[in-house]
Peer 1: 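Take this structure, written in structure tokens, and hold onto it; I'll ask about it next.
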Amino acid sequence: MDTSAARPPCPPFTRDSAIAKVRAAEDGWNTRDPQRIAPAYTADSRWRNRAEFALGRDEIIALLERKWQRERDYRLIKELWAFTDNRIAVRFAYEWHDGAGNWFRSYGNENWEFDASGLMQVRHASINDLAIGEAERKFRWPSGRRPDDYPGLSALGL
């Protein structure tokens, strides 16, 4: 294990460490900074994101840059669904608007697999978009990390 690149918590996961890993991923993605997010993945990480495939950090960074050019004012909530030794399944929702100001809530599920140092080596994401009106938005915290006292998906009825 390359401990200099370790991203605790590391497998094998407990319920508490899996929840912490999910929150760390949510916090990272809410920065909308691909350069900051990419080190959480192995150098040869494999992704399926919707119908797009990425291999390695450079492709992940490019995918995320394209994503956030399109998905503006992005706010994300992730919730643990299940876990085993080195795998975690999450469900998530995020809200965003396009360049014309149309709002969407995107719902999805992710399956993650980690190496021994806690870096994600495989990510499969299935995502569906729902057009919503601005008044239907539920994710209204300031840009960045979701506040600790802000409700999660279950509490929001999602």
Side-chain angles (χ1 to χ4, degrees), residues 1-50 52-96 104-129 138-139 141-156 158:
M1 172 187 347
D2 177 6
T3 55
S4 66
R7 294 290 279 231
C10 300
F13 295 112
T14 64
R15 180 169 179 72
D16 287 343
S17 66
I19 289 170
K21 196 68 158 179
V22 171
R23 182 58 193 242
E26 174 187 315
D27 291 349
W29 280 60
N30 275 325
T31 69
R32 294 178 291 185
D33 181 348
Q35 296 292 333
R36 185 171 165 188
I37 295 165
Y41 302 91
T42 61
D44 61 350
S45 187
R46 292 178 291 122
W47 278 26
R48 181 185 56 77
N49 191 79
R50 300 178 184 259
E52 192 169 355
F53 295 84
L55 179 60
R57 289 184 183 144
D58 289 343
E59 290 184 18
I60 289 168
I61 289 168
L63 184 154
L64 293 174
E65 287 171 345
R66 287 189 305 276
K67 172 185 180 62
W68 288 314
Q69 287 173 1
R70 191 175 56 248
E71 298 175 357
R72 301 175 183 185
D73 289 324
Y74 176 96
R75 307 276 189 292
L76 166 72
I77 300 176
K78 292 183 182 278
E79 184 174 277
L80 177 67
W81 187 254
F83 69 95
T84 63
D85 294 334
N86 72 329
R87 291 180 173 172
I88 296 176
V90 299
R91 67 187 199 95
F92 63 88
Y94 61 88
E95 292 180 352
W96 58 281
F104 299 87
R105 186 175 304 121
S106 299
Y107 296 92
N109 298 290
E110 291 176 299
N111 297 315
W112 301 341
E113 182 178 276
F114 295 87
D115 72 4
S117 65
L119 297 176
M120 193 181 301
Q121 57 193 10
V122 178
R123 174 181 176 267
H124 297 282
S126 298
I127 307 166
N128 299 298
D129 302 320
K138 294 180 182 261
F139 302 178
W141 65 87
S143 181
R145 186 179 192 276
R146 177 173 54 101
D148 289 335
D149 61 350
Y150 203 94
L153 295 178
S154 293
L156 289 169
L158 300 174

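Remember, predicted model here, so these are calculated numbers, not experimental data.
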Peer 1: Looking at every non-hydrogen atom in both residues, tell me the closest pair between Asp73 and Arg75 and how far apart they are.
Peer 2: O-NH1, 3.1 Å
Peer 1: If every non-hydrogen atom of Pro11 is compared with every non-hydrogen atom of Ala116, which pair is closest and at what distance?
Peer 2: CD-O, 4.0 Å
Peer 1: Please tabulate, for side-chain N and O atoms in residues 35-42, each donor-acceptor pair with protein atoms closer than 3.5 Å (sequence neighbours left out).
Peer 2:
from  : atom 1 : to    : atom 2 : distance (Å)
Tyr41 : OH     : Trp29 : NE1    : 3.1
Thr42 : OG1    : Asp44 : OD1    : 3.1
Thr42 : OG1    : Ser45 : N      : 3.0

Peer 1: Looking at Trp68, I want to see if its CH2 is surrounded by more than 12 non-hydrogen atoms of other residues, nucleotides or ligands under 6.0 Å.
Peer 2: yes
Peer 1: Rounded to the nearest 0.5 Å, how far does CZ of Phe92 lie from CD of Glu79?
Peer 2: 12.5 Å
Peer 1: What is the distance from atom CD1 of Ile19 to atom NZ of Lys78, rounded to the nearest 0.5 Å?
Peer 2: 15.0 Å
Peer 1: Using 0.5 Å steps for rounding, measure from the CZ atom of Phe139 to the CG atom of Leu153.
Peer 2: 5.5 Å
Peer 1: Between Arg123 and Trp112, is NZ or CZ placed under 6.0 angstrom from the six-membered ring centre and within 45° of the ring axis?
Peer 2: no
Peer 1: Taking the side chain from Arg7 and the backbone from Ala5, do they hold a donor-acceptor pair closer than 3.5 Å?
Peer 2: no
Peer 1: So, for Pro12 and Ser17, which heavy atoms are closest and what is the spacing to 0.1 Å?
Peer 2: O-OG, 4.4 Å
Peer 1: Can any side-chain N or O of Asn30 pair as donor or acceptor with the backbone N or O of Leu76 at less than 3.5 Å?
Peer 2: yes
Peer 1: Determine yes or no for a side-chain-to-main-chain donor-acceptor pair under 3.5 angstrom, with Glu59 supplying the side chain and Leu55 the backbone.
Peer 2: yes
Peer 1: Does Ile77 form a side chain to side chain contact (heavy atoms under 4.5 Å, CB included) with Leu156? I'd like the steps, not just the answer.
Peer 2: CA-CA 10 Å; Ile77 300 176; Leu156 289 169; 3.8 Å; yes
Peer 1: Looking only at atom types and distance, does a side-chain atom of Asp115 sit under 3.5 Å from a main-chain N or O of Gly118, one as donor and one as acceptor?
Peer 2: yes
Peer 1: Between Ser143 and Arg32, is a side chain to side chain contact (heavy atoms under 4.5 Å, CB included) present by the stated rule, with each step listed?
Peer 2: CA-CA 9 Å; Ser143 181; Arg32 294 178 291 185; 2.5 Å; yes
Peer 1: Less than 4.0 angstrom from a charged side-chain N to a carboxylate O is my criterion; do Glu95 and Lys138 meet it?
Peer 2: no
Peer 1: Could you walk me through whether Asn109 and Val90 pass side chain to side chain contact (heavy atoms under 4.5 Å, CB included), step by step?
Peer 2: CA-CA 6 Å; Asn109 298 290; Val90 299; over 6 Å; no
Peer 1: Whether the side chain of Arg146 engages the backbone of Tyr150 through a donor-acceptor N/O pair (distance < 3.5 Å, no angle test) should be reported.
Peer 2: yes
Peer 1: For Asp148 versus Arg145, what's the shortest heavy-atom pair and its separation?
Peer 2: OD1-NH1, 2.8 Å
Peer 1: Return the CD to OG1 distance between Glu113 and Thr84, rounded to the nearest 0.5 Å.
Peer 2: 8.5 Å
Peer 1: First locate atom CG of Asn49, then atom CG of Leu63, and finally report the distance between them rounded to the nearest 0.5 Å.
Peer 2: 5.0 Å
Peer 1: With sequence neighbours excluded, tell me which residues meet side chain to side chain contact (heavy atoms under 4.5 Å, CB included) with Phe53.
Peer 2: Arg48
Peer 1: Please name the pair of heavy atoms, one in Ala93 and one in Tyr107, separated by the smallest distance, quoted to 0.1 Å.
Peer 2: CB-CD2, 4.1 Å
Peer 1: When the aromatic ring centroids of Phe13 and Phe114 are compared, is their separation below 6.0 Å?
Peer 2: yes
Peer 1: Between Phe83 and Arg15, is any pair of side-chain heavy atoms under 4.5 Å apart?
Peer 2: yes
Peer 1: Checking side chain to side chain contact (heavy atoms under 4.5 Å, CB included) for the pair Arg91/Leu80: CA distance, chi angles, key distance, verdict?
Peer 2: CA-CA 7 Å; Arg91 67 187 199 95; Leu80 177 67; over 6 Å; no
Peer 1: Does the distance from a Lys or Arg side-chain N to an Asp or Glu carboxylate O, for Asp16 and Lys21, drop under 4.0 Å?
Peer 2: no
Peer 1: To the nearest 0.5 Å, what is the distance between OH on Tyr74 and NZ on Lys67?
Peer 2: 4.5 Å
Peer 1: Can you tell whether the side chains of Asp129 and Arg50 come within less than 4.0 Å, N to carboxylate O?
Peer 2: yes
